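Predicted model, so just to flag it, every value in this text is computed and none were measured.
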Amino acid sequence: MNIVIVDDDNLVSLSLKTILEATGEVTVAEIGKNGKEAIALFEKHQPEVLLMDIRMDTMTGLEAADIILKKYPDAKILFLTTFSDDEYIVRALHLGAKGYILKQDFESLLPALKSVVNGQSVFGSEVAGKLPGFLNQTAEFDGSAFGITAKEMELIELVADGLSNKEIAEKMFLSEGTVRNYLSSILEKLELRDRTQLAVFYYKN
């Protein structure tokens, strides 16, 4: 897979490049050191995954992700950072990032990259542990205010719990095609881009 790495610590970027390329499964097209470079490098290389830090000089990873995803909605951005702040996590997912893992979860980086390439969203263990907390803050969420039916609300809750389309289909006794149709309808009603944003919308509301 072809990726770009952006981190303000050049030693971290070079180490990641060396380790990932040593697997024979990853090619690092180029490395950058801030959000502005991330935008330019994404434009230049169109990588399968942009692996990026959050806090950086000149422009943060979150600011860069916002600009990139507005222009390239299908861009796959995976944040790799030392910060597990709730605000960062929710902001990253709301923007449409495909994952958020901590640098101490480094051993899970290659599997995470593969998952993101395959269209899945990934979270490091500590980040994943925070998601139920976000979910528990949403007891008052009223889907009917958005034109969401009870069945659609059930599906949204299962998406927020991290279930795949296949798992949702089994739980709701539906076909995967029907689940996809429901999801498309829900995303249109809520003006959201994908299931990741749907989960974040649910956590925040």
Side-chain angles (χ1 to χ4, degrees), residues 1-7 16-17 19-31 38 41-54 61-62 64-65 68-81 89-90 92-131 155-172 174-184 186-187 192-203:
M1 84 187 71
N2 180 48
I3 73 169
V4 163
I5 297 173
V6 179
D7 194 299
L16 288 172
K17 181 179 189 297
I19 293 169
L20 289 171
E21 289 192 331
T23 66
E25 299 184 65
V26 177
T27 299
V28 179
E30 201 167 342
I31 60 176
L41 292 176
F42 188 90
E43 294 262 1
K44 178 181 177 182
H45 298 287
Q46 299 287 307
E48 291 179 81
V49 182
L50 172 59
L51 182 64
M52 183 163 55
D53 197 2
I54 296 262
L62 291 171
I68 291 169
L69 287 164
K70 281 178 179 173
K71 187 170 183 180
Y72 302 97
D74 295 329
K76 294 181 171 66
I77 298 176
L78 174 61
F79 283 109
L80 177 67
T81 180
I89 297 168
V90 171
L93 298 180
H94 180 67
L95 287 172
K98 294 302 181 186
Y100 193 114
I101 59 178
L102 302 183
K103 288 179 178 176
Q104 53 263 41
D105 287 332
F106 175 77
E107 67 280 356
S108 68
L109 181 54
L110 183 59
L113 287 167
K114 290 180 179 178
S115 295
V116 168
V117 167
N118 290 327
Q120 301 173 25
S121 297
V122 296
F123 309 98
S125 56
E126 184 175 336
V127 175
K130 290 174 174 285
L131 298 184
L155 191 148
I156 291 173
E157 291 170 354
L158 294 174
V159 169
D161 282 339
L163 275 66
S164 67
N165 284 358
K166 182 178 180 181
E167 291 169 329
I168 292 172
E170 290 172 354
K171 274 190 170 292
M172 296 183 67
L174 301 170
S175 70
E176 287 187 61
T178 301
V179 169
R180 286 193 293 271
N181 290 339
Y182 269 120
L183 274 174
S184 296
I186 292 166
L187 294 174
L192 299 174
R193 186 164 50 231
D194 55 33
R195 60 188 295 129
T196 302
Q197 288 196 346
L198 177 60
V200 173
F201 177 88
Y202 184 78
Y203 297 146

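Residues satisfying the side-chain contact (heavy atoms from CB on, under 4.5 Å) test with Lys103, not counting sequence neighbours, are Asp7, Val12, Asp53, Leu80, Thr82. Taking Ala92 as the reference, Leu62, Phe79, Ala97, Tyr100 meet the side-chain contact (heavy atoms from CB on, under 4.5 Å) condition, with sequence neighbours excluded. Residues satisfying the side-chain hydrogen bond (donor to acceptor under 3.5 Å, both in side chains) criterion with Lys71, sequence neighbours excluded, are Glu43. Every residue two or more places apart in sequence or in another chain was checked for a salt bridge (Lys or Arg N to Asp or Glu O under 4.0 Å) with Glu170, and none qualifies. Checked against side-chain hydrogen bond (donor to acceptor under 3.5 Å, both in side chains), Lys171 has no partners two or more places apart in sequence or in another chain. A search for side-chain contact (heavy atoms from CB on, under 4.5 Å) contacts involving Ile19 returns Phe106, not counting sequence neighbours. Evaluation of the side-chain hydrogen bond (donor to acceptor under 3.5 Å, both in side chains) rule for Asn2 yields no partner, not counting sequence neighbours. Residues passing the ring pair (Phe, Tyr, Trp, His ring centres under 6.0 Å) test with Phe42, sequence neighbours excluded: Tyr72. With sequence neighbours left out, the side-chain hydrogen bond (donor to acceptor under 3.5 Å, both in side chains) criterion links Glu176 to no other residue. Remark: Ser175 pairs with Thr178 by the side-chain contact (heavy atoms from CB on, under 4.5 Å) rule, at least two apart or across chains. Partners of Lys76 under the salt bridge (Lys or Arg N to Asp or Glu O under 4.0 Å) rule, at least two apart in sequence or in another chain, do not exist in this structure.
Taking each heavy atom of Leu69 and Ala75 in turn, the nearest pair found is CD2-O, 3.4 Å. Between Ala38 and Leu50, the shortest heavy-atom contact is CB-CD2, 4.4 Å. Contact detail for Arg195 and Ile168: the closest heavy-atom pair is NH2-CD1, 4.0 Å. The two residues Met52 and Gly61 come nearest to each other via the heavy atoms CE-O, 3.3 Å.
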### Query
Would Leu155 and Met172 count as a side-chain contact (heavy atoms from CB on, under 4.5 Å) if you check the C-alpha gap in whole Å, the side-chain angles of each, and the deciding distance to 0.1 Å?
CA-CA 8 Å; Leu155 191 148; Met172 296 183 67; 3.9 Å; yes
### Query
Could you walk me through whether Ile77 and Leu95 pass the side-chain contact (heavy atoms from CB on, under 4.5 Å) check?
CA-CA 10 Å; Ile77 298 176; Leu95 287 172; over 6 Å; no
### Task
Carefully, step by step, assess Leu20 and Met1 under the rule side-chain contact (heavy atoms from CB on, under 4.5 Å).
CA-CA 10 Å; Leu20 289 171; Met1 84 187 71; over 6 Å; no
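Rounded to the nearest 0.5 Å, atoms CG (Leu183) and CG (Leu192) are 11.0 Å apart. Rounding to the nearest 0.5 Å gives a distance of 9.0 Å between CG of Asp194 and CG of Asp74. In this structure, OG1 in Thr81 is found 9.0 Å from CD in Gln104, a value given to the nearest 0.5 Å. Taken to the nearest 0.5 Å, the CD1 atom of Ile3 stands 11.0 Å off from the CD1 atom of Ile31.
Within the structure, the side chain to side chain donor-acceptor pair (under 3.5 Å) test picks out the following pairs touching residues 20-30 (sequence neighbours left out): Lys17-Glu21, Glu25-Lys114, Glu30-Lys44, Glu30-His45.
Ile186 has its side chain out of reach of Val159: every pair of non-hydrogen atoms, C-beta onward, lies at least 4.5 Å apart. At least one side-chain heavy atom of Leu109 sits less than 4.5 Å from a side-chain heavy atom of Leu51.
Remark: of the listed residues Val28, Leu41, Val49, Leu41 is the sole one forming a side chain to side chain contact (heavy atoms under 4.5 Å, CB included) with Val4.
Looking only at distances, no side-chain donor or acceptor of Asn118 sits under 3.5 Å from a matching main-chain atom of Gln120. Using a distance-only test at 3.5 Å, with no hydrogens or angles considered, no donor-acceptor pair links the side chain of Glu167 to the main chain of Leu163.
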